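Computation of the quantities below employed the complete heavy-atom set of this structure, encompassing side-chain atoms and omitting hydrogens, waters and symmetry-equivalent molecules. Every value quoted in this text rests on a predicted model; they were computed, and no experiment measured them.
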Amino acid sequence: MTERLRLKKNADRRLKAGHLWLYSNEIDIEATPLKGIEPGAQAVIEAANGKAMGIAYVNPHSLICARVVSRDAEVRLDRSLLVHRFKQALGLRERLYAKPFYRLVHGEGDLLPGLVVDRFDDVLVVQLNTLGMERLAEEVVAALDKVLSPRAIVFKNDSSGRRQEQLEAQVEVVHGELPDQVLLEENGVRFVAPVLDGQKTGWFYDHRSNRAWLNGLVAGKRVLDLFSYVGGWGVQAAAHGASEVLCVDASAQALERVAENAALNGLADQVAVGEGDAFEALAALKADGEQFDVVILDPPAFIKKRKDIPNGERAYSRLNREAMRLLGRDGLLLSASCSMHLAPERLVEVVRGAVRHQDRHGQVIYQGHQGPDHPVHPAIPETSYLKALGVRVFRD
């Protein structure tokens, strides 16, 4: 027997507009008790009048209690549909990129809620972020193998989203054999991706186009890369002609990878590293009288939930203020945020406030967002999260 979930009257508006999520307070639990459905099971979604609207997988214990996987109530999310969706996703990426390094599946943006797949040529790194996707783990592996025949598939299941779905962390190679080094190329620069012990899938493809923009403006410049992780920004800046790059991160392990990636590209002499808290590092550099032509701020999300917005905005403001103090008379600030809850206009306001605090002028000369391998679902604002501002900061 197929499970059913019936919506309350008028609760189908978002679904009709294209959204893929259903919240527990939208379900008519008199007609179809949520608690009667096995967590992770798939169910037909019905409007209040009983008309079928699609198929979704269900987690009664999550605020988002159901995620739509097809508008056709006769279809199920299985190996066959996964193969179809993976081919659709691959077709887009092959039109966008000449080389096989990209996000292959971006959750809701590719109509596969709860699933992320990053591609490093013949190595695929998978995140199953929801119970519904977790139950399909074997089918995901089989479908990826059918579409791409990869050398290795890694499950990097340690995201905060899994904790919210009451799922355990799990990092393991589930298919094939992982090479000693997983390599990628971005904007003509090579990197080693720490897919087992790095952040997220080991790499952040989402900033590729923003890095490409900045790469055109760094020749001969002294560059500071804060929250550098493994050197995505800083090593690329050195490769594109920066005279000197300082990468700062709180993780010694990440900085070892910065050095490794610099050496991989013959840039060991141009790239230095500094371990420590970003705010403390900014204060120490200022005290030492250091100045930079370009400062890059790509911090982790300071705003994880809506309630964090006031404190998070204050943290972004302080970071941008302190960073601007290290810019020379006519400098360039790249200020980024991956906080979905920070609206783009608020980041502009953060930068405006920081510029005025330093009694300088600012010109926003670039506004960037996530790359096209992280497609935005037009009905789901949450799928658009990344912001990057290029700001000229100068004195009279």
Worksheet item: Judged by atom type as modelled, is there a donor-acceptor pair below 3.5 Å linking the side chain of Tyr229 to the main-chain atoms of Gly202?
Response: yes
Worksheet entry | Approximate separation, where rounding is to 0.5 Å, of Arg222 CZ and Gln291 CD | 9.0 Å
Worksheet item: Is the shortest side-chain N to carboxylate O distance from Asp118 to Arg103 below 4.0 Å?
Response: yes
Worksheet entry | Arg135 with Glu38: basic N within carboxylate O range, under 4.0 Å | yes
Worksheet item: Between Asp197 and Arg257, does at least one N-O distance fall below 4.0 Å, as a salt bridge requires?
Response: yes
Fill in: Sidechain N-carboxylate O distance under 4.0 Å for Arg67, Glu108
yes
Worksheet entry | Exercise: do Gln170 and Glu172 side chains pair donor with acceptor under 3.5 Å | yes
Worksheet item: With distance as the sole criterion, is a donor-acceptor pair present between the side chains of Glu165 and Ser62 under 3.5 Å?
Response: yes
Worksheet item: Checking Tyr205 side chain against Gly371 main chain: does a donor-acceptor pair fall under 3.5 Å?
Response: no
Practice prompt. Determine whether the aromatic ring centres of Phe120 and Trp203 lie less than 6.0 Å apart.
Written response: no
Worksheet item: Parallel under 30°, tilted from 30 to 60°, perpendicular over 60°: which one fits the rings of Tyr97 and Tyr102?
Response: parallel
Discussion item. Check for me, please, whether Leu183 and Leu196 land in the same ILVMFWY cluster - side-chain distances under 4.5 Å, paths through other members count.
Written reply: no
Item to complete: Determine, for Arg346 against Glu349, whether the closest basic-nitrogen to carboxylate-oxygen distance falls under 4.0 angstrom.
Response: no
Discussion item. Is it the case that the side chains of His341 and Asp308 hold a donor-acceptor pair, with the cut-off being a distance below 3.5 Å and no angle test?
Written reply: no
Practice prompt. Return yes if some donor-acceptor pair links the side-chain N/O of Thr32 with the main-chain N/O of Arg6 below 3.5 Å, else return no.
Written response: yes
Worksheet item: Hey, are Lys200 and Asp206 close enough for a salt bridge, meaning a charged N less than 4.0 Å from a carboxylate O?
Response: no
Worksheet item: Any donor and acceptor pair, going by atom type alone, linking the side chain of Arg93 with main-chain N or O of Asp373 inside 3.5 Å?
Response: yes
